[in-house]
Amino acid sequence: MTRSALVLFLVSVIFWPPNAGAGDGSYSLTPQKIDDGVYVLWGRQEPTTRENGGNIVNTGFIVGTNSVLVVDTGPTQQYADQMISAIRTITKLPVHTAVVTHHHPDHSFGIQHFKKNNAAIYMHRNLKTLFANEGPILLELLESLIGKTWVSGTKIGEPNHLIETEQTIDIGDRIVKILPLINGHTPGDLLVYDQKTQILFAGDLVFHERAASVPHANISVWLNHLDTIRELGWRKLVPGHGPMVTDQTPIEELKAYLTFLEKIATESIQRGDTLAEVLQTTIPTPFDKLATIQSEFQRSITSLFRKLESEAFGN
Ligand SMILES: [Zn+2]
């Protein structure tokens with residue numbers, strides 16, 4: 001056996017199957033009370049892996065006097081099932097409503113399980129076709145990232161309340177508002193605002209201490225939405241990813257990062273750089289400190305570059 005063949009053999013013995021022992025299907029979800037009747041299940045600031053089963057997203061729930069409203073359904077049917085069990089440790093009230101802030105897998109693949117448990121599922125109307133077309137592909141991609149054990153039983157579930165204007169839901173002595181904002185992070189994002197505590201669940205319109213994901217985004221519109229979000233009068237904001245936001249600093253940091261991404265992509269197209277060249281860009285401080293920056297920067301620049309390239313050259 002040559003030396004390189006031996007190395008390959010050892011690598012395959014030590015690392016195969018990949019992450020053996022991980023991915024046992026337990027998400028260990030523990031709701032944290034962030035205010036009166038408002039709970040968050042904090043996701044990890046990591047890429048999606050076989051160890052975390054896609055638990056990289058913040059989900060949450062709000063408890064009224066007659067029902068519970070859930071914000072985002074998590075990545076898999078098992079997550080949704082374990083989320084319902086976690087809710088049951090806090091309250092026995094029925095989960096009547098699940099608001100899915102947008103269609104990305106970490107937020108939406110638990111939909112079917114909440115539907116099976118009789119929850120009304122809200123999503124923005126603009127995502128209906130996109131979700132139907134891309135959902136099955138995204139589910140395959142998720143399975144390739146986290147493995148069969150975590151995704152077992154997960155199906156793409158259709159939302160049954162497609163909305164495009166502001167809605168108010170009374171969950172019993174408690175008014176929750178659903179606010180749509182279009183063409184920012186995706187063609188249709190929903191914000192959830194609890195009037196009683198002035199807590200805003202912002203979905204992926206706000207990433208905190210983590211590199212934003214932009215494949216479905218329009219950055220200039222997103223920047224405007226961030227100005228809108230600043231003015232909504234919240235006391236605490238739960239981002240789609242990352243720790244709680246209590247002042248405007250994280251919003252400004254996100255604006256700076258999105259502006260940086262757009263600038264890098266636009267200038268490279270103007271210079272006539274190739275994608276390979278622009279991917280060599282050194283990520284400056286403070287953006288190099290963001291969680292998942294290396295992989296997310298590559299992904300973001302690739303999608304922005306391709307979009308700008310096809311706009312410039314019409315291909
Ligand atoms: Zn997203």
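Start at 1 and go down the list; that is how both ligands and their atoms are numbered.
Note on the Zn ion (ligand 1): protein N/O/S atoms under 2.8 Å are His102 NE2, His104 ND1, His185 NE2, Asp204 OD2.
When the shell of 6.0 Å around NZ of Lys307 is examined, it contains more than 12 heavy atoms from other residues, nucleotides or ligands.
The hydrophobic cluster containing Leu69 also includes Ile34, Val38, Val40, Trp42, Ile62, Val71, Val99, Tyr122, Ile163, Ile169, Ile171, Val176, Ile178, Leu190, Val192, Ile199, Phe201, Val238, Met244, under a criterion of side-chain heavy atoms closer than 4.5 Å among ILVMFWY residues, counted directly or through chains of members.
Ring pair Tyr79/Trp150: centre-to-centre distance not below 6.0 Å. In summary, the aromatic rings of His185 and Phe207 are positioned with their centroids under 6.0 Å apart.
A donor and an acceptor atom, one from each side chain of His161 and Gln167, are nowhere located under 3.5 Å apart.
Below 30°, between 30° and 60°, or above 60°: for His107 and His102 the angle between ring planes is between 30° and 60°, a tilted geometry.
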